[in-house]
Protein chains: 2
Amino acid sequence: MKKSSDDRQVIAPFHSHAHDHGQCVVDAIAAAETCCAKDGLSFTPLRRQVLELIWSSHGPIGAYDLLEKLRASRRNAAPPTVYRALDFLMENGLIHRIESLNAYVGCGDPERHHGAQFLICRDCQCVAELDDDEIGKAVTRRAKALGFSIHQQTVEVVGQCADCAARL
Amino acid sequence: MKKSSDDRQVIAPFHSHAHDHGQCVVDAIAAAETCCAKDGLSFTPLRRQVLELIWSSHGPIGAYDLLEKLRASRRNAAPPTVYRALDFLMENGLIHRIESLNAYVGCGDPERHHGAQFLICRDCQCVAELDDDEIGKAVTRRAKALGFSIHQQTVEVVGQCADCAARL
DNA sequence: GGATATATGATATAATATAACACTATGAAA
DNA sequence: TTTCATAGTGTTATATTATATCATATATCC
Ligand SMILES: [Zn+2]
Ligand SMILES: [Zn+2]
Ligand SMILES: [Zn+2]
Ligand SMILES: [Zn+2]
């Protein structure tokens, strides 16, 4: 089945509870390997492990939650351990930071340098990652009119996801 | 001169260095008075003072910077003093929180409950507040398609303002 | 191997935000 | 007018998120 252009603009939807969680972590790590190899970046064990933990959490996760998990295998991990790995992963487009949550989430399309919009559920903190053309163009147009140049278009919108609407 | 529809969608532009700073603080406080009176809210001296300090800073300001200024007149002000006032001002649409900066900025149109988009300069931390129809609609359309309901549409875009582009 | 840059370890501290409980002022109910 | 209830503020302590700094290790290049 061919993906419509509309589907491609949804980089990561709200998660169906059905999908194969283990596999999506494996795929994400493989994609990261590819990106780093291509760009000559050193994807060290620490960085890989942090990325794995982020994907395993399967949603935005905070730096200190990450640190706690990391300590299961690295007893003396400290905040800078995590923050340095996060910096590397962000600089190279492997994860995004969600400002509204002070949390970090795996990027659903790391091989492509893309703008991103996040829909963030205020109840369950799940997020959807989009690269919606219309939103992007509307933002670009207005920014241009004001002489504002967008370096990395990251849009965050807070609301309520469908699951929470049904549940609450 | 009549405002175009386009102008109305720019709630607060990047500041021209020429405008009358003192007057815009006065106007903002007057508008807040009006809003609170209309809604039966108690606009206490503390809350007024915090709002004044925010407008006086004339751009996004952090809670602890605010606290420091507040202490000039309230020697024993503490973090909760500021955060409670900020909560009140946010709940009632008199200020916005800029997540990307951990900072607070006066709302340019408090009498109207509106969606907002912020263009945030990563170099000088200035912001422009917009209520762009096209951005709003594009976001709404996509959210709807995903079953996501937006409660308060707040969009934050990071980049570089025209002044900084010229200066750097 | 020695020089250089990159990555991590380790300790301390900064910056942002909230919890908890006490006290005061205000205004309505009795 | 007393009493009660609520909203607002004071005060102290603590939680959460992020960075600075210096030391050590590891990889890369010549
Ligand atoms: Zn992405
Ligand atoms: Zn939800
Ligand atoms: Zn506003
Ligand atoms: Zn600027």
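Owing to the predicted nature of the structure, the values given are computational and were not obtained by experimental measurement. Every chain is numbered from 1 and lettered A, B, ... according to where its sequence line falls, protein lines coming before strand lines.
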Peer 1: What residue pairs, at least two apart or across chains, pass ring pair (Phe, Tyr, Trp, His ring centres under 6.0 Å) with a residue in residues 139-168 of chain A?
Peer 2: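 Applying ring pair (Phe, Tyr, Trp, His ring centres under 6.0 Å) to every pair that reaches into residues 139-168 of chain A, excluding sequence neighbours, yields A:F148-B:F14.
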
Peer 1: Specify the residue among A:F88 and B:P79 whose closest nucleotide of DNA chain C lies further upstream toward the 5′ end.
Peer 2: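 The 5'-side residue here is A:F88.
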
Peer 1: Over how many whole Å does the gap from A:L67 atom CG to C:dG9 atom P extend?
Peer 2: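 From A:L67 CG to C:dG9 P: 12 Å.
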
Peer 1: How far apart are the closest heavy atoms of A:C164 and A:C121, and which atoms are they?
Peer 2: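 Taking every non-hydrogen atom into account, SG-SG, 3.7 Å.
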
Peer 1: Nearest 0.5 Å, please: how far is CG in B:D131 from CD in B:Q117?
Peer 2: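 So the gap between those two atoms works out to 6.0 Å.
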
Peer 1: Start with the C-alpha distance between B:E134 and A:R141, add both sets of side-chain angles, then the distance that settles salt bridge (charged side-chain N to carboxylate O under 4.0 Å, His left out), and finish with yes or no.
Peer 2: CA-CA 10 Å; B:E134 286 199 67; A:R141 188 177 310 120; 2.6 Å; yes

Peer 1: With clusters built from Ile, Leu, Val, Met, Phe, Trp and Tyr whose side-chain heavy atoms come within less than 4.5 Å, directly or transitively, what are the remaining members of the cluster of B:L51, listed by chain and number?
Peer 2: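 Answer for B:L51: B:V25, B:I29, B:L41, B:F43, B:L46, B:V50, B:L53, B:I54, B:W55, B:I61, B:Y64, B:L66, B:L67, B:L70, B:V82, B:Y83, B:L86, B:F88, B:L89, B:M90, B:L94, B:I95, B:Y104.
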
Peer 1: For residues 25-50 of chain A, which residue pairs pass the salt bridge (Lys or Arg N to Asp or Glu O under 4.0 Å) check, not counting sequence neighbours?
Peer 2: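 Residue pairs passing salt bridge (Lys or Arg N to Asp or Glu O under 4.0 Å), neighbours aside: A:E33-A:R48.
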
Peer 1: For A:Q125, check side-chain hydrogen bond (donor to acceptor under 3.5 Å, both in side chains) against everything at least two apart and list the hits.
Peer 2: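 So A:Q125 forms no side-chain hydrogen bond (donor to acceptor under 3.5 Å, both in side chains) with any residue.
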
Peer 1: Would you mind listing the cluster partners of B:V26? Hydrophobic ones only (ILVMFWY), side-chain contacts under 4.5 Å, chaining allowed.
Peer 2: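 Answer for B:V26: none, a lone residue.
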
Peer 1: Kindly state each residue pair satisfying salt bridge (Lys or Arg N to Asp or Glu O under 4.0 Å) with at least one member in residues 62-74 of chain A, sequence neighbours excluded.
Peer 2: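 Non-adjacent pairs meeting salt bridge (Lys or Arg N to Asp or Glu O under 4.0 Å): zero.
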
Peer 1: Whole-Å distance between D:dT17 P and A:E68 CD?
Peer 2: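 Roughly 12 Å, once rounded to whole Å.
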
Peer 1: Nearest-Å distance, CG (B:D87) to P (D:dT9)?
Peer 2: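 Atom CG in B:D87 sits about 12 Å away from atom P in D:dT9.
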
Peer 1: Rounding to a whole Å, what distance do you find between B:Y83:OH and C:dA20:C1'?
Peer 2: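 My rounded result for the distance is 17 Å.
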
Peer 1: Got a sec? Which of residues 99-107 of chain B come in under 4.0 Å of DNA chain C, heavy atoms?
Peer 2: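 Output list: B:N102, B:Y104.
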
Peer 1: Both B:N76 and A:A63 contact DNA chain D. Taking the nearest nucleotide for each, which residue is further toward the 5' end?
Peer 2: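 Looking at the nearest nucleotide for each, B:N76 comes out on the 5' side.
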
Peer 1: For the pair made of OH in A:Y64 and C1' in C:dT18, what is the distance, rounded to whole Å?
Peer 2: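 Checked: the OH to C1' distance equals 16 Å.
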
Peer 1: Name the atoms and distances for all side-chain donor-acceptor pairs under 3.5 Å in residues 153-161 of chain B, with sequence neighbours left out.
Peer 2:
residue: B:E156; atom: OE1; partner: B:E99; partner atom: N; Å: 3.3
residue: B:E156; atom: OE1; partner: B:S100; partner atom: N; Å: 2.8
residue: B:E156; atom: OE1; partner: B:S100; partner atom: OG; Å: 2.5
residue: B:E156; atom: OE2; partner: B:E99; partner atom: N; Å: 2.7
residue: B:Q160; atom: NE2; partner: B:D123; partner atom: OD2; Å: 2.7

Peer 1: By nearest atom, which of the nucleotides D:dG10, D:dG8, D:dA18 is closest to the B:R47 side chain?
Peer 2: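 Of all the options, the side chain of B:R47 is nearest to D:dG8.
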
Peer 1: Are the side chains of B:C124 and B:R167 in touch, meaning some heavy atoms are under 4.5 Å apart?
Peer 2: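 Side chain of B:C124 against side chain of B:R167, heavy atoms only: contact under 4.5 Å found.
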
Peer 1: To the nearest Å, give me how far apart CD (A:Q49) and C1' (C:dT8) are.
Peer 2: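 Going from CD in A:Q49 over to C1' in C:dT8 covers 13 Å.
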
Peer 1: In whole angstrom, what separates B:L86's CG from C:dA17's P?
Peer 2: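 Computing the B:L86:CG to C:dA17:P distance gives 9 Å.
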
Peer 1: Take atom CG of A:L46 and atom C1' of C:dT6, then tell me their distance rounded to the nearest Å.
Peer 2: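 After rounding, the gap between these two atoms is 13 Å.
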
Peer 1: Does a donor on one side chain and an acceptor on the other come within less than 3.5 Å for A:Q49 and A:S73?
Peer 2: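 The criterion, which ignores hydrogens and geometry beyond distance, is satisfied for A:S73 and A:Q49.
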
Peer 1: Give the nucleotide from the list C:dA10, C:dG9, C:dA7 with an atom nearest to the side chain of A:T44.
Peer 2: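 Among C:dA10, C:dG9, C:dA7, the one nearest the side chain of A:T44 is C:dA7.
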
Peer 1: Applying salt bridge (Lys or Arg N to Asp or Glu O under 4.0 Å) as the test, list every pair that has at least one member in residues 78-88 of chain B; sequence neighbours left out.
Peer 2: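 Qualifying pairs: none.
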
Peer 1: Please encode protein proximity along nucleotides 20-30 of chain D as a string of B, S and -, counting only heavy-atom distances under 4.0 Å.
Peer 2: BB---------

Peer 1: List in numerical order all residues of residues 118-129 of chain B for which some heavy atom is under 4.0 Å away from an atom belonging to DNA chain D.
Peer 2: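 DNA chain D contact set from residues 118-129 of chain B: none.
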
Peer 1: Report which part of the nucleic acid A:R74 touches: base, sugar-phosphate, or nothing (heavy-atom distance under 4.0 Å, all strands).
Peer 2: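 Sugar-phosphate, no base atom in range.
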
Peer 1: Quick one: does any side-chain atom of A:H21 pair with a main-chain N or O of A:S56 as donor and acceptor, under 3.5 Å?
Peer 2: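 Checked: pair present.
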
Peer 1: Can you sort out which residues in residues 29-43 of chain A have a heavy atom within less than 4.0 Å of DNA chain C? Ascending by number, please.
Peer 2: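 The stretch gives A:S42 as the residues lying under 4.0 Å from the strand, ordered by number.
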
